[in-house]
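We count residues from 1, following the sequence as given. Counting starts at 1 for both ligands and their atoms, in listed order.
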Amino acid sequence: MELFHSTRSTASQVTSKQAIRKGIASDGGLFVTDSLGEKKVDIAGLTDLDYQGIARTVLGALLPDFTEEELADCVAGAYGEQWDDAAITPLKPLGDDFILELFHGPTSAFKDVALQILPRFMARTTASDADERIMILTATSGDTGKAALAGFADVPGTGITVFYPDGKVSEVQHLQMATQKGANVQVCAVRGNFDDAQSAVKSIFADGELAWDLENNAHTVLSSANSINVGRLVPQVVYYFAAYAQLLKRQEINAGDEVEFCVPTGNFGDILAGYYAQRLGLPVSKLIVASDKNNVLFDFLTTGTYDRNRPFFTTISPSMDILISSNLERMLYYFADGDTKLISGLMDSLATTGRYDVPADVLAKIRKTFGAGWADEDQVRAAIKDCWDRNHYVIDPHTACAYHTLATTPRTPGVPRVILSTASPYKFPRAVLEALGVEAPASDFACMDTLSQLSGTTAPAALRGLENAEVRFTDVIDVPDMTGYVRDTAMKMAE
Ligand SMILES: *Cc1c(COP(=O)(O)O)cnc(C)c1O
């Protein structure tokens, strides 16, 4: 059986189910397996499979201790009627390139792909005693929070608490979270930015005293729905194969031909899934990281120095406003050939000095697979406008970072390029209208209607309906108060 251990030590080995239940390793590292890619996915056979079939195959290769039947049940529940496109992640031509639409799930962002299935994975992991409850703790830059709430609301045996940076998410994102229904959900704004909230959540996971208290007094264990959880990461590997299958079916490529992907990136989960796909045998020539003005990853991939000591920008692509990109740690682990000492040294250095340097040979290997680009806010707006003018297709500001990056990256002849579109433009209707040079009305809902008229498309009903939904959550707290907030919430839910 393939086992998982921390990126920072191999001392403790756990099954994939245990890794998913725990979320993050006790030493603060992320769960990885050294068996990644030992099982390959049959590329030529992809055209015979629909999305669900591809998901069963890919997840089977990544989560060895789930039975075929368990995976089939999880997949059937996660990728059903709640998606508004039968292909789940449809691929469409966009000029000379392609776009993979990842936003057809219930909350209109790509996070749904993973967060519709994660609660189903969790339900199949074993509790240490029958009435133990899992409390999901999530820091969100905007989209994870809602997708996690939608996935976990009223799931038996679970509770969920979401922290988001106060005033740093869009109006639609805020309302999506603040109006969430369900008896086991809690939403709270934090004074600070996403990195502050994410770092605090990580230290709450490492707080042994709190863990003891919760286990003994509330029968509760904490887990994570952020992409630090391996159960959040692996479902995202599936759509890289689904994109490839659609290119095969359109006869754009033959089995074995290489494809390039360009991915709007924040916490490095989405693009890392592309690397996992490559390890499973998908012919990926290049994975291009697209950042917004918070271009810490561009600098890292260009120089080998990761340095978060820089100004933090709040932009019109809030889900990418991140300076500590957690999943980079998993990538470094694999490119450093599993050198846990090196990784824990780098992460110590990041925690104490805010920076680290990777050895030149490791950087050289990384750069063979990963390219990088970024867009400032004017470039994001220009990309939205350019894409509309050329293709009559509206993209959101996150996708626009990738559009800009690809437009400025030299094309390799004969290699198709796929942009991953991570959110519906209706989640950011104001920024999109302004980019298109249209006067934006006062409310985001009027903006949705204007965007709908202008583009001839329809706003997702769940987004448009937020206008009249009841706001349930209004708490705003400081970072140091997060631990107490988690304790109180867990105790209340346990009553
Ligand atoms: C979360 C998110 C991203 C960044 O994805 P990572 O996996 O964190 O790199 C990009 N775009 C949107 C719309 C998102 O919600």
Regarding ligand 1, does [X] bring an N or O atom to under 3.5 Å of one of the ligand's N or O atoms?
X	result
G269	yes
A109	no
D270	yes
D396	no
H398	no
K111	yes

F103 side chain reached by D396 side chain, heavy atoms, under 4.5 Å
no
> Do E467 and M448 have side chains that get closer than 4.5 Å, going by heavy atoms?
Replying inline: no
Tell me the protein heavy atom at minimum distance from [atom], and give that distance in Å.
atom	result
atom 4 (C) of ligand 1	G266 N, 3.5 Å
atom 6 (P) of ligand 1	N267 N, 3.5 Å
atom 12 (C) of ligand 1	T422 OG1, 3.4 Å

Exercise for the section: Answer yes or no: are there more than 12 heavy-atom neighbours, outside K293 itself, under 6.0 Å from its atom NZ? Expected result: no
Charged N to carboxylate O below 4.0 Å: is that the case for [X] and [Y]?
X	Y	value
K92	E101	yes
R191	D196	no
R8	E329	yes

Within the 4.0 Å heavy-atom cut-off, what K427 brings close to ligand 1 is neither
Checking heavy atoms under 4.0 Å, the part of F268 that sits near ligand 1 is backbone
Sub-3.5 Å donor-acceptor pair from the side chain of [X] to the main-chain atoms of [Y], do we have one?
X	Y	value
N391	C387	yes
Q379	D376	yes
N294	L323	no

Check each atom of ligand 1 against the heavy atoms of [X] and keep those under 4.0 Å away; list them by number with element.
X	result
M320	10 (C)
D143	12 (C), 13 (C), 14 (C), 15 (O)
A423	13 (C)
P264	4 (C), 10 (C)
T265	9 (O)

Looking at ligand 1, is there an atom of it that comes within less than 4.0 Å of some heavy atom belonging to F103? no
Quiz item: Closer than 4.0 angstrom: is that true for some heavy atom of S227 and an atom of ligand 1?
Solution: no
Going by distance alone, is a donor N or O of one side chain under 3.5 Å from an acceptor N or O of the other, for Y164 and Q173?
-> no
- [ ] Measure up the H5 and Y333 rings against each other and bin them: parallel (under 30°), tilted (30 to 60°), perpendicular (over 60°).
- [x] perpendicular
